[in-house]
Amino acid sequence: MSKGITSKNEDYSQWYNDIVIKADLAEHSAVKGCMVIKPYGYSIWEKMQAVLDQKFKDTGHSNAYFPLFIPKSFFSKEASHVEGFATECAVVTHYRLKNDGNGNIIVDETAKLEEELIVRPTSETIIWNTYKGWIQSYRDLPILVNQWANVVRWEMRTRLFLRTTEFLWQEGHTAHATAEEAIAETRQMLDVYADFAENWMGVPVVKGVKTPNERFAGALDTYCIEALMQDGKALQAGTSHFLGQNFAKAFDVKFTSKEGKLEHVWASSWGVSTRLMGALIMAHSDDAGLVLPPKLAPIQVVIVPIYKTDEELNNISAFVDTLIAKLKRLGISVKYDDRDTQRPGFKFAEYELKGVPVRLAIGARDMENGTVELARRDTREKQTVNQEGLEIYIPQLLEDIQQNIYKKAFDFRAEHITPANSYEEFKELLDGKAGFISAHWDGTPETEQKIKEETKATIRCVPLDNQQEDGVCIYSGKPSTQRVLFARAY
RNA sequence: CGGGGUGUAGCGUAGCCCGGUAUCGCGCCACAUUUGGGAUGUGGAGGUCGUAGGUUCGAAUCCUGCCACCCCGACCA
């Protein structure tokens with residue numbers, strides 16, 4: 001039916017790639033591991049940014065911008081941080097090129113930097129180096145700053161949106177007078193992320209905390225939201241870290257408290273990236289293409305006229321113009337596609353591929369009957385509805401689609417959280433049903449590592465709302481007090 | 001970094017084994033007929049065959065080096 005999209009059941013990875021390319025979201029660039037985000041894909045990212053940015057501001061944060069380059073020496077100041085990122089850093093060593101006399105441009109070896117610069121993989125170090133100059137007293141706290149930026153992590157293998165060498169993200173970096181306040185901030189931002197994932201993206205997530213193995217390099221605790229994709233693999237959709245005083249100590253950031261004591265500052269950092277695009281695509285789309293939740297769709301309603309003569313088109317357009325005016329007043333984004341260079345069938349397929357939630361087709365027949373043909377992308381149902389009252393019906397329908405998309409993903413996930421009570425059962429589930437597997441774990445990094453090596457499944461998180469129950473670890477047989485969520489992940 | 005694969009028109013490809021200036025489909029352009037689910041016909045444009053060198057009268061084809069990308073693994077907060 002749809003041209004050129006591999007079926008989801010046939011080859012999930014290829015299906016994903018096909019959608020990214022055919023829906024015009026992104027493409028591979030001439031630079032290894034880096035992608036070009038195309039205008040349509042970028043417009044979705046912009047919608048995400050706008051919503052998140054407002055949420056950050058509503059919770060008291062301000063945006064700022066820090067350098068792309070980080071002096072190498074900054075990195076070595078926090079031991080576990082450098083260890084975590086050392087193997088994937090791009091390093092700037094020279095600042096000038098020259099002509100070698102044979103028409104080739106080469107690096108000018110005489111222009112070697114005294115200290116190499118790291119292209120930021122994350123900005124904790126440069127930011128905490130800066131915060132040192134901003135903080136003297138408890139009166140200077142808290143600092144609640146967010147940065148929208150690009151970062152570079154030199155991964156060996158990449159996948160469009162899910163893992164690219166350069167990616168776009170936001171990183172919040174906050175400084176507080178007390179541990180309690182920093183933890184509250186960490187948890188608050190996790191809630192912001194979860195709210196965004198569920199109520200805007202329509203992707204249900206598990207809020208949880210990472211095991212020490214999976215923690216951010218330099219954090220005391222890493223909180224996360226974990227989503228489930230349609231192939232049963234998990235995707236970490238966002239993280240929020242409680243950094244304790246690690247970076248304050250590394251960069252000597254102290255403040256004088258109300259009581260007159262000199263103390264190290266407490267910190268949090270939190271981020272989501274263009275990886276959310278990958279989550280959005282994989283969570284909802286089907287073999288006909290992208291399915292977008294109305295709240296993030298750049299085009300919410302597309303209108304396609306069907307006509308034979310200019311007179312018919314003029315007649316339709318007159319009606320459409322007033323409809324568009326009404327819908328725009330309601331804040332609905334509408335596209336009227338009256339190109340006469342493409343036929344209606346082509347347009348139908350194209351907007352389905354691009355995930356536009358609602359499509360109206362209006363022909364001469366409709367104009368006589370006072371109707372339109374309305375198709376919704378999520379269920380692919382078509383119906384004929386009256387022109388009158390569309391401005392009431394469409395907003396309701398968009399809301400309905402938003403709910404339906406979420407519910408579908410929610411039900412899928414509910415069916416794919418399965419308890420396992422033995423290692424055999426665990427492995428069978430992984431290779432068969434997949435999804436999250438809820439199992440007892442003895443709490444040791446050794447067991448976690450063994451399970452990872454043997455099955456490629458990792459502990460995605462310990463859910464925050466976890467019930468305590470006595471049991472035995474599926475791997476070691478040692479006693480356990482709660483189940484944790486395992487899955488194979490992206 | 002290890003294993004495998006691929007580079008030929010905007011995209012997807014045939015030709016390569018067995019050397020003689022490149023095939024087909026989609027797309028693109030023009031015109032006509034069309035338009036309620038990816039139109040049809042006719043005509044047309046578009047190529048340093050990834051790159052550098054070698055062998056040869058002659059290289060997309062054989063040989064050597066290099067580059068790029070993709071897949072699998074290792075890796076990946």
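Protein chains get the first letters and strands the later ones, always in sequence-line order, with residue 1 at the start of each. We use all heavy atoms of the structure for the numbers below, so side chains are in, but hydrogens, waters and symmetry mates are not.
The separation between A:Asp18 atom CG and B:G38 atom P is 21 Å, rounded to whole Å. Between A:Phe346 atom CZ and B:U40 atom C1' there is a gap of 16 Å when expressed in whole angstrom units. At whole-Å resolution of the value, CG in A:Asp337 and P in B:G37 are 16 Å apart.
Ranking B:A77, B:C70, B:G38 by closeness to the A:His28 side chain, first place goes to B:C70. The side chain of A:Asn17 sits closest to B:C71 out of B:A77, B:G37, B:C71.
In the model, A:Glu116 has no side-chain atom that pairs as donor or acceptor with a side-chain atom of A:His94 under 3.5 Å. For the 3.5 Å distance criterion, the side chains of A:Thr211 and A:Asn213 fail to qualify, holding no donor opposite an acceptor.
Heavy atoms of A:Ala219 sit nowhere under 4.0 angstrom from any nucleic acid atom. The residue A:Glu214 sits close to a base: some heavy atom pair falls under 4.0 Å. Within the nucleic acid shown, A:Arg365 comes within 4.0 Å of at least one base atom, counting heavy atoms only. Heavy atoms of A:Arg359 sit under 4.0 angstrom from at least one base atom.
Using bins of under 30°, 30° to 60° and over 60° for the plane-to-plane angle, the ring pair A:Phe196/A:Trp200 lands in the parallel bin.
A donor-acceptor pair is defined here as one N or O able to donate and one able to accept, closer than 3.5 Å; such a pair exists between the side chain of A:Glu78 and the backbone of A:Ser80. With A:Asp18 contributing its side chain and A:Thr6 its backbone, the two residues share a donor-acceptor pair below 3.5 Å.
Using P as the reference atom, B:G54 and B:U42 are 48 Å apart when rounded to the nearest Å. Taking atom C1' in both B:G38 and B:A14, the straight-line distance is 26 Å, to the nearest Å. Taking atom C1' on both B:G65 and B:C28, the two are 38 Å apart, rounded to the nearest angstrom. B:C18 and B:U8: their P atoms are spaced 24 Å apart (whole Å).
For B:U61, there is no paired nucleotide, since no Watson-Crick or G-U wobble pair has both relevant distances below 3.5 Å. Checking B:A45 for Watson-Crick or G-U wobble geometry (two distances, each under 3.5 Å) identifies no partner in any strand. Base-pair partner of B:A9: not found among the strands shown (Watson-Crick or G-U wobble, both distances under 3.5 Å). The partner of B:U35 is absent, by the rule that a Watson-Crick or G-U pair needs both atom distances under 3.5 Å. In this structure, B:G19 forms no base pair with any nucleotide, since neither Watson-Crick nor G-U wobble geometry is met with both distances under 3.5 Å. Pair assignment for B:G73: B:C1, on the basis of Watson-Crick or G-U wobble contacts that are both within less than 3.5 Å.
Taking 4.0 Å as the cut-off between side-chain N and carboxylate O, A:Lys335 and A:Asp337 do not count as a salt-bridged pair.
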Residues A:Tyr223, A:His241; criterion ring pair (Phe, Tyr, Trp, His ring centres under 6.0 Å); working and verdict: CA-CA 6 Å; A:Tyr223 294 86; A:His241 315 290; 9.2 Å; no
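Residue-to-nucleotide contacts include a donor-acceptor pair under 3.5 Å from the side chain of A:Lys382 to the base of B:G37.
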Contact list (N/O, under 3.5 angstrom) for nucleotides 30-35 of chain B vs protein:
residue	atom	partner	partner atom	Å
B:U34	O2	A:Arg343	NH1	3.0
B:U35	O4'	A:Arg343	NH1	3.4

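Phosphate contact (OP1/OP2 of B:G73, side-chain N/O of A:Lys456, threshold under 4.0 Å): present.
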